[in-house]
J.: 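Pasting a structure here, questions to come.
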Amino acid sequence: MKRGLFITFEGIDGCGKSTQVAKANERLSAAGMECLVTREPGGTLIADKIRELVLTPGQEEMSSSCELLLYLASRAQHIHAKIGPALAAGKIILCDRFADATIAYQGFGRGVSLHILAELNGFATDGLAPDLTFIFDISVERAMQRLRALNKKADRLESEGEEFFKRIREGYLALAASNPSRIVLLQGEKSIEVLAEAVFQKINGRLAGR
Ligand code: TMP
């Protein structure tokens, strides 16, 4: 059986990527292509417990190393229990965040060494990388406005200040610049439908080219 297609969606909080995961799933399903939709941190029983632990605000202060290792633990389990088997079964996987988020958030955001991150990400993923990644780029001001408009309680990461998210945005732009064959950079301020069409066309192109 042909290996599946592993597609990830990335960007700062409030960039609109989760809406685009749902749109891509709708459009691919309507075209007769069943997808597995998942997210990080989380996606399995154990990984969802780690998500709760890493995102709940108001616990004791969490060190950057603890935060990093929790994201990586979630990823290792996610690959073991869900992504790996789905890829082997030939499925299309739409994953809301993956290893690029660790580079952007823990590397550029928290200042963890990119060299260490490359090693640890490689260990957690066993070398598995997405086939295609969409990064939705948006200004931090606009993303914050969108999050405020949702009127929900901010999680531990969303409670960080604008400077943190500016560094993360720079991280994502750097990742896009250094991985042009894997990463498609899209302007997150465009309309939902325009973005959904661009994502759908790109995925179709990849599927056709296999
Ligand atoms: P979400 O809001 O997109 O569900 O993601 C949860 C938060 O976790 C978000 O603020 C980004 C952050 N995150 C990291 O800091 N590092 C990671 O490796 C991942 C996957 C997410």
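Predicted model, so just to flag it, every value in this text is computed and none were measured. Just so you know, ligand 1 is whichever comes first in the structure, and atom 1 is the first atom listed for that ligand.
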J.: Would you say the side chains of Y105 and R97 form a donor-acceptor pair under 3.5 Å?
T.: yes
J.: Short list, please: which atoms of ligand 1 are under 4.0 Å from a heavy atom of Q106?
T.: 14 (C), 15 (O), 16 (N), 17 (C), 18 (O)
J.: Tell me the contacting part of L55 for ligand 1: side chain, backbone, both, or neither, using a 4.0 Å heavy-atom threshold, strictly below.
T.: side chain
J.: If we set the cut-off at 4.0 Å for heavy atoms, which region of T102 has an atom near ligand 1: side chain, backbone, both, or neither?
T.: both
J.: Quick check: D155 and ligand 1, any N/O pair under 3.5 Å apart?
T.: no
J.: Ligand 1 and R75, any nitrogen or oxygen pair closer than 3.5 angstrom?
T.: yes
J.: Does F200 have R27 sitting over its ring (NZ/CZ under 6.0 Å from centre, angle to axis within 45°)?
T.: yes
J.: Does the side chain of Q145 come under 3.5 Å of the side chain of R142 through a donor N or O and an acceptor N or O?
T.: yes
J.: What residue among L185, T133, I183, I135 forms side-chain contact (heavy atoms from CB on, under 4.5 Å) with Y172?
T.: I135
J.: Could you go through F98 and F9, starting from their C-alpha distance and side-chain angles, then the distance that decides it, and tell me whether this counts as ring pair (Phe, Tyr, Trp, His ring centres under 6.0 Å)?
T.: CA-CA 8 Å; F98 191 67; F9 294 70; over 10 Å; no
J.: Need the ligand 1 atom indices (1-based, order shown) with element for anything under 4.0 Å from a heavy-atom of K17.
T.: 3 (O)
J.: Run down the list R97, R51, E158 and name the one with the heavy atom closest to atom 4 (O) of ligand 1.
T.: R51
J.: N/O of E67 under 3.5 Å from N/O of ligand 1, yes or no?
T.: no
